[in-house]
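These notes are about the structure you will find just below.
Letters A, B, ... mirror the listed sequences (proteins, then strands); counts begin at 1. Scope of the values below: all heavy atoms of this structure, side chains included, with no hydrogens, waters or symmetry mates.
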Amino acid sequence: MNEENQVYFVDSDTLPPLVLERKHRLEQDPSFRTDHMQYMQGMEVIESDIKDRVLAQMKAFEPDQYTAKDVERALSNTSCSIEDFKALLSPAAAPYLEQMARKAELLTRNHFGNTVYIFTPIYIANYCQNYCIYCGFNCYNNIRRKKLDFDEIEHEMKVIAETGMEEILILTGESRKYSDVRYIGEAVKIARKYFRNIGIEIYPVNVDEYRYLHECGVDYVTVFQETYDTDKYEMLHLLGHKRVWPYRFDAQERAIMGGMRGVAFSALLGLADYRKDALATALHAYYMNRKYPHAEISLSCPRLRPIVNNDRINPRDVGERQLCQVLCAYRIFLPFAGITVSSRESAAFRNGIAKICATKVSAGVSTGIGDHEEKYEGSQEAEAGDEQFEISDSRSFANMYADMEAGGLQPVLNDYIYV
Amino acid sequence: MADTLVLGGHEFQSRFILGSGKYNMKLIKAAVEQGGAQIITLALRRANTQEKESILDFIPKGVTLLPNTSGARNAEEAVRIARLSRAMGCGDFVKIEIMHDAKYLFPDNYETVRATEILAKEGFIVLPYMNPDLNTARDLMNAGAAAVMPLAAPIGSNRGLATKDMIQVLIDEIDLPIIVDAGIGKPSQACEAMEMGAAAIMANTAIATAGDVPAMAEAFRLAIEAGRKAYLTGMGRVLARGGSASDPLTGFLGEN
């Protein structure tokens, strides 16, 4: 029995018996699953030792070994070593949260001034060929599937651009079959007509495919590793190409090799030991920076959220205080890195964290497919696709802009030129 | 004779170049006025936005724009951004910023020399941001730069004149205005650079992160003026610790 993960398992009554049987076997029988460390056919292998370095550090990290003295040393050092960073992530740092926040605030202001960037995501398809048990898009979840055609994409983008937004993040479910690279490339070309800065958050691809997408107009690539704990990863990603942990890990490096300007890293906090995942996320970015010093680096920090057909999913032991500790530690360790805080978090949390260390927030968010007009203007779209997860902060672009300004920050819609 | 700063044939009374990034654009006008700045830098990538957000609309008339090429990772990208800037009506001045380093944002001297050469030939008034290095400064001068802008410390670090000795070498050896850029954290550091003979100071973060942006701009103006006056006057004699030796070392010398 896979008791630990029972909370994630939901059986749809629309699944035929054979499919249901396969689903149950995947859930309960590890021998029925493929080797998650083996590349699948067509997945490019690159020369890189970053994986090994991150995994070695993660393995050696014992959060309970750090003491108040280690935390104090980390806070008084001018530059933050990996050991200092570990201390800041440890339970011993919890009582120092306010001091960490003050140090983080100072570093953020030095590096970014009073600015905060605002962007919005657009989901253009929610088809998925993977069974990731915590995700609303997973292939066994009974949701309304949709893939926008190019006219619909253009319409959605127009609606979003009319609000004043200039930076967009294009997302798809992870399906090469339904959302191939050409389809995404065409969506990017449409986006160039309406937006000045385009990022993508799609399934990992090979270097030549990243190069093609860059030529279409993308400069930023986000890939969430979900968890850096390879054993845990195996138990959560039961089927599909996403199951291959190392191919996903190398995605940011392949993106930079393909000519992208910047890459974003993240673990989905709450899936595994969040302190170890936070360490690995930041080290992944850190080693990338050392190998590719020109690459712009940013971090995200999503926590688990309820999904369609399963409202029991929650961030588990990662409360707001723990999340704040992780984010302050990120800032102190990587003062130059962008930090994005998504609409998974509440308005109050995002207002507060933007003053400490976040440099980018989303607004006017929908994680559904093709429902921006409905959400922005109240008009009824015939058939929107279901959402990936429930958001917490539903503020419009205008409200977010006003709230950031009221907090003493300068909202920036674009600070980028495609060259 | 008036003490003016001359850049590419243009004369300026103010020696304070104000940055426009990292703070509320509504404060730019007051900062320019209280800082007495006649030149303001702007990142072209920040001006690449819709009209109501464009930083260009917040800069008072009569102030000289110094667009920078931040975001460029090599000479070719810098050249492209500079040409775009001219096409957008930002004038002939350009501050070359080429970073191949996301952590410290250190300028890439080699690429900067290459871009300077291309843009100077195209008639731009080129002000290159650089790591203080004498050979590079000479190369920049030969490539046609109108001034040289060495960094005092990593950008945004507010650490002051960390490269003081290297900057002094440039001031002593290069026949171009030396404008100290980046890392100046407070007015006293600006004053010190001016006392050393710097031609001007460029500051942004120190002002952007102050409690009162226009007031801090004014504080910088006063410090820069004080430092300039001290430099022009000639610094007084500074005794080494312990004063002069009482027994002169040359007392043994006879009359013949």
Side-chain angles (χ1 to χ4, degrees), chain A residues 78-79 105-118 161-167 194-197 219 256 259-263 285-286 288-298 333-338 359 401 404-405 407-419, chain B residues 19-28 42-55 69-74 76-85 88 98-106 108 111 153-159 183 185 204-211 213:
Chain A
T78 16
S79 60
E105 181 204 14
L106 192 68
L107 289 166
T108 307
R109 298 287 82 91
N110 278 350
H111 284 263
F112 298 91
N114 294 326
T115 55
V116 61
Y117 298 96
I118 301 181
E162 274 164 12
T163 65
M165 203 82 76
E166 298 187 8
E167 178 178 341
Y194 297 96
F195 302 96
R196 292 169 204 265
N197 184 335
D219 243 331
I256 293 298
M260 296 288 178
R261 180 180 282 270
V263 280
Y286 170 84
M288 273 291 291
N289 171 257
R290 289 181 88 84
K291 191 165 174 183
Y292 303 94
H294 58 283
E296 292 175 23
I297 297 293
S298 78
F333 181 53
L334 301 170
F336 59 94
T359 53
Y401 194 104
M404 288 295 124
E405 243 185 349
L409 295 168
Q410 170 67 28
V412 176
L413 307 184
N414 181 47
D415 185 13
Y416 160 81
I417 254 177
Y418 182 82
V419 285
Chain B
S20 63
K22 302 184 178 179
Y23 60 98
N24 192 327
M25 291 186 284
K26 288 170 195 147
L27 295 172
I28 288 176
L42 82 157
L44 200 73
R45 61 182 187 179
R46 268 298 288 280
N48 177 29
T49 185
Q50 58 193 279
E51 232 158 64
K52 75 177 174 63
E53 288 287 323
S54 177
I55 209 161
T69 64
S70 67
R73 292 160 293 184
N74 54 44
E76 287 69 31
E77 290 183 355
V79 167
R80 245 176 284 163
I81 294 173
R83 288 176 185 155
L84 189 63
S85 148
M88 281 170 66
I98 301 176
M99 277 85 155
H100 204 250
D101 169 87
K103 184 171 183 179
Y104 299 100
L105 299 177
F106 279 144
D108 183 321
E111 295 289 327
I155 197 162
S157 70
N158 284 359
R159 286 206 186 132
N204 188 1
T205 313
I207 293 149
T209 53
V213 169

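A distance of 4.5 Å separates CG of B/Leu44 from CD1 of A/Ile417, quoted to the nearest 0.5 Å. Taking NE2 of B/His100 as the reference point, atom OH of A/Tyr292 lies at 12.0 Å (rounded to 0.5 Å). The distance from the CG atom of A/Asn414 to the CZ atom of B/Arg45 is 9.5 Å, given to the nearest 0.5 Å.
Other residues, nucleotides and ligands contribute over 12 non-hydrogen atoms within 6.0 Å of the CZ atom of B/Arg80. Environment of OH in B/Tyr104: sparse, with no more than 12 heavy atoms of neighbouring residues, nucleotides or ligands closer than 6.0 Å.
With hydrogens and angles disregarded, no donor-acceptor distance shorter than 3.5 Å links the side chain of A/Arg109 to the backbone of B/Thr209.
Your options are B/Gly185, B/Ala206, B/Gly71, B/Ala72, and the one with the most heavy-atom pairs under 4.5 Å with chain A is B/Gly71.
Across all non-hydrogen atoms, the minimal contact from A/Met260 to B/Arg73 is O-NH1, 4.3 Å. In plain terms, the two heavy atoms of A/Asn110 and B/Thr205 that are nearest each other are O-CG2, 3.5 Å. When all heavy atoms of A/Asn289 and B/Ala102 are compared, the pair lying nearest together is ND2-CB, 4.3 Å.
In this structure, no portion of B/Leu105 lies under 4.5 Å from any heavy atom of chain A.
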